[in-house]
There are 2 protein chains.
Amino acid sequence: MAQASGAGNAPKPSRIQQKNRRIILEAALDVFSQHGYRGTTLDQIAEQAGLSKPNILYYFAGKEDIHVTLLNALMDTWLDPLREIDPEGEPLEEILRYVRRKVDMSFEFPRESRLFANEIIQDAPRMGPHLERGLKPLVDETAALIDRWIEEGRVAPVDPRHLIFSIWATTQHYADFEAQVAVLMEGRDVQSGAVTFVDTLYRRLLTP
Amino acid sequence: MAQASGAGNAPKPSRIQQKNRRIILEAALDVFSQHGYRGTTLDQIAEQAGLSKPNILYYFAGKEDIHVTLLNALMDTWLDPLREIDPEGEPLEEILRYVRRKVDMSFEFPRESRLFANEIIQDAPRMGPHLERGLKPLVDETAALIDRWIEEGRVAPVDPRHLIFSIWATTQHYADFEAQVAVLMEGRDVQSGAVTFVDTLYRRLLTP
DNA sequence: TCGTGGTTTTACCAATTGGTAAAAAGCGAA
DNA sequence: TTCGCTTTTTACCAATTGGTAAAACCACGA
């Protein structure tokens, strides 16, 4: 037996274990992001992964274990751009670079965006700790930084928290609501238009 | 038997039928908006409605029937604000009024917002016709109107479709991601800050 | 009072779903 | 080749879930 999800023990996972866990997580990301937690069945994940259901349960303790593992693994990637805002940099440039990274991520990692969106819409039942202990301090810090920039007159005055919400909302919209965007933009090049738009939006908002 | 969901026949629904259908739809909105279609069980709806499961199936043909009925009923309410943009009005004022109505709706009808969000994130499997035949013409029309306003120099140049997306995104964010917003805004008055912020955002973007 | 219609409950299903037990199959080192 | 381990498959469950059949209940006009 090779229990894989314990906390303290790390009995070196074999090559084949690493590979199959990766395959399963990849398949699960596909399915969870499209159907949400409850909408996803282990059979769907198994089929997408090309493995049998019991075989999947050999690598993960259960459906929830897979989901939580995904959430944990993606959280950092998702928050990294926020961490990279440089307090010493040029304010407008820093914020617009953040916006650019976020919109790029929406087109590059739409499944990850939808995974989080599904979870948060449904009251974030498995993300409480992440929001409270991971995201909140980061947002508080960034909001304080933006407030300083505003006081120094280097950024036009806005509520920094609502600013952050709006950046998330406008950029992730392209991933989360892709089905709607696709219908309404039929044929048009969505990504380049989106990049241009959000740059304009926040440039006009924040230029002092 | 009083089959209720047929298309052509309308054998006058009794008072009690109207009442119970309303109760069921209200309960279903609660549950569907919080758990999504697949995440919702008929038993949950039944309990929330204070009726037995078979009794619910006496009023609706099935789970999907309830869901579709909800979607249909809410579509109009949801699109009305867009219809009320007055082509003869003052452009900036008209758009800002639309923004205001949308943000107000997010706080007044968060369940409705989440119901749609859940559906669209999961590829809108039951909303294709609504998007194509209901929403798209309206958006095309509004985009054309905004383009005219831009050409006349009464609104600063932006891609009107991305503008519309961003209005939806920023306003509905407060309903759809309420769990996240609540954590990050702990204690603060979210609504009034949101109203002020989006007004500022689109005023600065669109003022010529 | 008795029907007669609409309404509600009780008692069930069959299918799906997350999960398990245990046998079978691989497979690398000695 | 064989031993001992990991990995995979086969054969199952018990609970849940959407849905149905039919009996029971109820309201109200003749």
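In what follows, chains carry the letters A, B, and so on, assigned in the order in which the sequence lines appear, proteins first and then strands, with residues in each chain numbered from 1. Being a predicted model, the structure only gives us computed values, none of them experimental.
- One atom, CD of E64(A), and another, C1' of dG19(C), lie 14 Å apart when rounded to the nearest Å.
- Atom pair L57(A):CG and dC13(D):P shows a separation of 18 Å (rounding to whole Å applied).
- Nearest-nucleotide positions on DNA chain D for N20(A) and K63(B) put N20(A) closer to the 5' end.
- Every residue was checked against the ring-ring contact (aromatic ring centres under 6.0 Å, His included) condition with Y202(B), not counting sequence neighbours, and none meets it.
- Remark: nothing in residues 114-129 of chain A comes within less than 4.0 Å of DNA chain D through any heavy atom.
- Residues forming a salt bridge (charged side-chain N to carboxylate O under 4.0 Å, His left out) with D30(B) (at least two apart in sequence, or on another chain): R111(B).
- Applying the 4.0 Å criterion to OP1 and OP2 of dT7(D), one finds that Q17(A) has a side-chain N or O inside that range.
- Axis angle between the ends of the helix from dT1(C)-dA30(D) to dA30(C)-dT1(D), five pairs each and rounded to 10 degrees, works out to 10°.
- Around the CZ atom of R126(B), the shell of radius 6.0 Å holds more than 12 heavy atoms that belong to other residues, nucleotides or ligands.
- Residues forming a side-chain hydrogen bond (donor to acceptor under 3.5 Å, both in side chains) with R188(B) (at least two apart in sequence, or on another chain): none.
- Heavy atoms of other residues, nucleotides or ligands lying less than 6.0 angstrom from CD of Q191(A) number more than 12.
- Computed from coordinates, the L42(B) CG to dG19(D) C1' distance equals 8 Å when rounded to whole Å.
- Dashed line: the shortest gap from a side-chain N or O of R38(B) to OP1 or OP2 of dT16(C) is not under 4.0 Å.
- Listed by chain and residue number, E88(A), E94(A) satisfy the side chain to side chain contact (heavy atoms under 4.5 Å, CB included) test with D86(A) (two or more places apart in sequence, or in another chain).
- Taking a 4.0 Å limit (strictly below) on heavy-atom distances, residues 23-36 of chain A does not reach DNA chain D anywhere.
- Scored by the side chain to side chain contact (heavy atoms under 4.5 Å, CB included) test, R22(A) finds K19(A) as partners (sequence neighbours excluded).
- Looking at residues two or more places apart in sequence or on another chain, you find a ring-ring contact (aromatic ring centres under 6.0 Å, His included) between Y174(B) and H162(A), F107(B).
- The closest side-chain heavy-atom distance from L184(B) to I164(A) is not below 4.5 Å.
- To the nearest angstrom, C1' of dA15(D) lies 12 Å from CG of D43(B).
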Distances for protein N/O vs nucleotides 9-12 of chain C N/O pairs under 3.5 angstrom?
from	atom 1	to	atom 2	distance (Å)
dT9(C)	OP2	S52(B)	OG	3.3

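- Expressed to the nearest 0.5 Å, how far CZ of R97(B) lies from CG of D199(B) amounts to 13.0 Å.
- Residues forming a ring-ring contact (aromatic ring centres under 6.0 Å, His included) with W78(B) (at least two apart in sequence, or on another chain): F116(B).
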Side-chain polar contacts of residues 128-138 of chain A - donor-acceptor pairs under 3.5 angstrom, sequence neighbours left out - could you list them?
from	atom 1	to	atom 2	distance (Å)
H130(A)	NE2	N72(A)	OD1	2.5
K136(A)	NZ	D140(A)	OD2	3.1
K136(A)	NZ	E186(B)	OE2	3.1

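- Atom CD of Q44(A) and atom P of dG18(C) are 8 Å apart (whole Å).
- Under the 30°/60° scheme for interplanar angles, the aromatic rings of H173(B) and W168(A) are found to be tilted.
- Note that CD of E108(A) and CZ of R101(A) are 9.5 Å apart. Values are rounded to the nearest 0.5 Å.
- Contact annotation: Y58(B) reaches the phosphate of dT7(C) (side-chain N/O to OP1 or OP2, under 4.0 Å).
- Taking 4.0 angstrom as the limit, Y59(A) places a side-chain polar atom (N or O) nearer than this to OP1 or OP2 of dT8(D).
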